Structure formats: C-alpha cells, structure tokens
Peer 1: 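Quick one: the structure is below, and I'll ask about it shortly.
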Amino acid sequence: MNLSELKEDFYKRYSASDSFLHFVSSGILCPLLGHCGIEYAPSVSFALSMRVQMFARALGGNVIKLQSTDTNRCLVYNFGDRAELYRGFDFDAVSLMSCLARRGAKGAQILYDCTIPEFLPRKEAFAVTLVKAVTRASGIEADALETAAMAARGSLTDPYLASVYSRKGYCTLISSGEPKSLPLPLSGYKILSAHCAEKDKDRSKQIKYTFEQIRRVYPHIGAISDVTPEMLGGAKACVRDKTALRYMYHLANENERIKTACAALKRCDIKTLFTEMNTSQKSMERFWDLGAEHLLLARECRSLDGVKAARSWGNGIVAIVENDKTDYVLSMLRNAFENAAGYKPYICVSEPA
C-alpha cells in the first residue's frame, strides 16, 4: 500500500480531522556481516524496502487505538487498564504501549501497513515504528537510544538501535559505543532472501556463557569485537563447550572481516564487501553448525550467475543479485532447492530501503 492509499484508509477508519498526521516507517533489518542478535558482537546491517509504515494522530485522553490495514479489528488500549487484560491479543503491541504509558504517552489513533512476509522477522521493525508513532503523536522527545530501549523492553537493544539508525543508501555498524553509518552503494542490485522450513539454532546463550569464560582469562576485553583467534587459543583449556568455542572462532575472524568491509565501504568499494560476505559464509559453514537445508540454499545460490554475495540469515540466506539476473536466479534457486529438499523455499525480492 502506497502512502496516499494508507492515508486514505486512515481517514476512512478514523474520520477526517484538522489534527496533524504523523508518518513513520521502518524497514526490516538485513545482515551483511556479523550477528546483531548476539550480545557484545559487532554487526553490519541495512534496512530493506519491505517495511512497517504507520500514520498516527493525537487523540487526547489516555486511549490508543491501533489497527492494521488487513483487518477491521481494532486494539483499544486504555492506560488505566492492566496489560494482563490483553494477554493473547496483540500482546507485543500491548506491552509496548504499557512501556510508552510509563514514559508519558497520550492517546492516539494509529493505522499501520506491513509488507514484511510472515516468514521473515517483523518484531524489531514493528516495535521501533510503533514507538516512533506514539512518541511523535504525544509530543515526547526521545533520542535514538531511548527509542531503541523502549522498543526492546529489556531485551538486546542492538537490533532495535540499528533499525532506528537505518537510512537509505547507508548501512549501520553496531559494535561498542554509538552506531556508525557507512555508505552502501547498491544501485543496480536486488536483495533476494530465501528461507526454508528448517529452523536455525539459537546460539546466543552458548556464546554469551563462553564469552564470560574467556573473560576470566582476558579480563580486559569488554566485547566480542575485542576477541582475537590468538586469545581463543590461550583460553581453549578453560572453555568447556567445544561447539561454542567453534562459534567463537567464527566471531573472532568475523571481527576482522567487518573491519575490512567497513574500511572499504568508506571509500564506496562494494566489491570488497561482497568478498567479505562470501568469506563469512564459508566461515559459517565451517564453524557455525548450519543445518542441511541452510547449507543447500547457500551453496545453490552462490553457484548461480548474477549472485555477487550470499550469506546465511535466520532460516535461510540473503543474496545480493544483479538487477537483470534476478528472475533467473530466483527460478534456478527455487527449482534446485525443490529438487533436493522436496518443497519450494520461501523467496522474496526487495531493494535497499
């Protein structure tokens, strides 16, 4: 739904008014390097054109009305009610609004449209967009860090912070300190994401525990970005989980790949980014304990003409593809995967936001 259609739909549902209409939008975050879902780990990501977009208008009082364009169902949240009353009914949105109420939010009418497919993660984009919508409609001044913290609600802040900082033509480095924006010259390319039914593993707890064990040997390190392969050799005897140690080897080498790619992006050298992404994927295949279907997607994709880089993402892969080769890559990848796995992968094509 384009901007004009979304605005027209808003007035159909909430009626016309002279009150100012606030528009906010957030694209789904796509990883280039690193792992933004792992605490203390650096990452480079950017927003895709698949997104959550909202119109919000101050309502007055202490009631927030929230609707999606694909339903007539309206979530009506009263700041005086207990959040438990809404359990099972858009509870993530209710939890967010409870947080915003404590921050001094006021009543608002909100309509949103989501173009992110169900097989991709929507949580960060939705949360950041809703926080921006409510704070703007309420006249609340919130900086990037506070916006991300409210959206995260006690979980890892980095993915939300990267979403807040994302802007067209740039990617965001999340490491230690304030996020950094770097040029991302991807004109002439499409972003293809392909996902399978096989679930990816959650490695974050293993990695966090192993990182703390490494810090006992090297107490001066404060983040995974400080870890080197040489340190892992010195701490090897203290790490009980050898699978997690392999994960750490990938992350330690990823630190150098991120540094190389960021230096290249500052001079708009996109080819070096592609090289580092492909090298990162090979490292994940060696150390990351990927599932058979994830490996199949990655290997089939990077063998195709027109694919400049392909790397594992969640339950599948993300690939950067030349514009004029997109249809060919999509068709070949779908057929190759179906022949090997017995079903078609979930595939979507988008652009940098």
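We use all heavy atoms of the structure for the numbers below, so side chains are in, but hydrogens, waters and symmetry mates are not. Being a predicted model, the structure only gives us computed values, none of them experimental.
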Peer 1: Sequence neighbours left out, what passes salt bridge (Lys or Arg N to Asp or Glu O under 4.0 Å) with Arg267? Give chain and number order.
Peer 2: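 Salt bridge (Lys or Arg N to Asp or Glu O under 4.0 Å) list for Arg267, sorted by chain: Asp269.
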Peer 1: Without swapping roles, check the side chain of Glu351 against the backbone of Ser187 for a donor-acceptor pair under 3.5 Å.
Peer 2: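 Not confirmed, Glu351 side chain does not pair with Ser187 backbone.
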Peer 1: Whether Glu8 and Lys12 form a salt bridge (side-chain N of Lys/Arg under 4.0 Å from carboxylate O of Asp/Glu) is what I want to check.
Peer 2: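 Salt bridge between Lys12 and Glu8, a charged N being under 4.0 Å from a carboxylate O: yes.
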Peer 1: Answer with yes or no whether the side chains of Ser98 and Tyr77 bring together a donor and an acceptor at under 3.5 Å.
Peer 2: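 Their side chains do contain a donor-acceptor pair, which is all the 3.5 Å distance test asks for.
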Peer 1: What I want to find out is whether Glu322 reaches Lys190 closely enough, with some N-O distance under 4.0 Å, to be called a salt bridge.
Peer 2: no
Peer 1: Sub-3.5 Å donor-acceptor pair from the side chain of Thr228 to the main-chain atoms of Met231, do we have one?
Peer 2: yes
Peer 1: Please work out whether the ring planes of Tyr346 and Phe119 are parallel, tilted or perpendicular, with thresholds of 30° and 60°.
Peer 2: parallel
Peer 1: How close do Glu293 and Ala341 get, counting heavy atoms only, and between which atoms?
Peer 2: OE2-CB, 4.4 Å
Peer 1: Are the side chain of Asp158 and the backbone N or O of Ile174 linked by a donor-acceptor pair below 3.5 Å?
Peer 2: no
Peer 1: Any Lys/Arg nitrogen of Glu285 or Arg302 sitting under 4.0 Å from an Asp/Glu carboxylate oxygen of the other?
Peer 2: yes
Peer 1: For Ser331 and Asp327, indicate whether the former's side chain and the latter's backbone hold a donor-acceptor pair under 3.5 Å.
Peer 2: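 Not a single qualifying donor-acceptor pair exists.
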Peer 1: Would you call Lys259-Glu256 a salt bridge at under 4.0 Å N-O?
Peer 2: yes
Peer 1: Answer yes or no: does atom NZ of Lys325 have more than 12 heavy-atom neighbours from other residues, nucleotides or ligands under 6.0 Å?
Peer 2: yes
Peer 1: Within a 6.0 Å radius of atom CZ on Arg286, are there more than 12 heavy atoms belonging to other residues, nucleotides or ligands?
Peer 2: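 At most 12 heavy atoms, drawn from other residues, nucleotides or ligands, come within 6.0 Å of this atom.
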Peer 1: Working note: Phe274 + Tyr189, criterion ring pair (Phe, Tyr, Trp, His ring centres under 6.0 Å); need CA distance, chi angles, decisive distance, verdict.
Peer 2: CA-CA 12 Å; Phe274 296 159; Tyr189 298 98; 5.4 Å; yes
Peer 1: Is the Phe55 to Tyr112 ring centre distance short of 6.0 Å?
Peer 2: no
Peer 1: Rounded to the nearest 0.5 Å, how far apart are SG of Cys268 and CG of Leu182?
Peer 2: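 Output value for this atom pair is 10.0 Å.
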Peer 1: Taking Glu254 first and then Arg311, would you say they form a salt bridge - that is, a charged N and a carboxylate O separated by under 4.0 Å?
Peer 2: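 Here Glu254 pairs with Arg311 in a salt bridge, since their nearest N and O are under 4.0 Å apart.
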Peer 1: Has Asp9 got a side-chain atom pairing as donor or acceptor with Glu5's backbone, closer than 3.5 angstrom?
Peer 2: no
Peer 1: Please round to the nearest 0.5 Å and tell me the distance separating atom CG of Leu29 and atom CG of Leu120.
Peer 2: 12.0 Å
Peer 1: Would the number of heavy atoms belonging to other residues, nucleotides or ligands and lying under 6.0 Å from CD of Glu118 be above 12?
Peer 2: no
Peer 1: For Ser204 and Asp202, which I'm curious about, is there any donor-acceptor pair between the side chains at under 3.5 Å?
Peer 2: yes
Peer 1: I'd like to know if the side chain of Gln281 and the backbone of Ser312 have a donor-acceptor N/O pair within less than 3.5 Å.
Peer 2: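 Looks like yes, one N/O pair under 3.5 Å.
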Peer 1: Using a 3.5 Å distance criterion without hydrogens, assess whether the side chain of Lys242 forms a donor-acceptor pair with backbone atoms of Val239.
Peer 2: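 Yes; at least one donor-acceptor contact below 3.5 Å.
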Peer 1: Between Arg57 and Ser19, do the side chains contain a donor N or O and an acceptor N or O under 3.5 Å apart?
Peer 2: no
Peer 1: Applying side chain to side chain contact (heavy atoms under 4.5 Å, CB included), can you list everything that pairs with Cys36, at least two apart in sequence or on another chain?
Peer 2: Ser43, Pro159
Peer 1: Tell me whether Met332 at atom CE has more than 12 heavy atoms from other residues, nucleotides or ligands lying less than 6.0 Å away.
Peer 2: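 Incorrect, the count does not exceed 12.
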Peer 1: For Lys132, is the NZ atom crowded, meaning more than 12 foreign heavy atoms sit under 6.0 Å from it?
Peer 2: yes
Peer 1: Please check if the distance between the ring centroids of His35 and Trp288 is under 6.0 Å.
Peer 2: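 Judged by ring-centre distance (under 6.0 Å), His35 and Trp288 do meet the cut-off.
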Peer 1: Quick check: Tyr170 with Tyr165 (ring centres under 6.0 Å apart)?
Peer 2: no
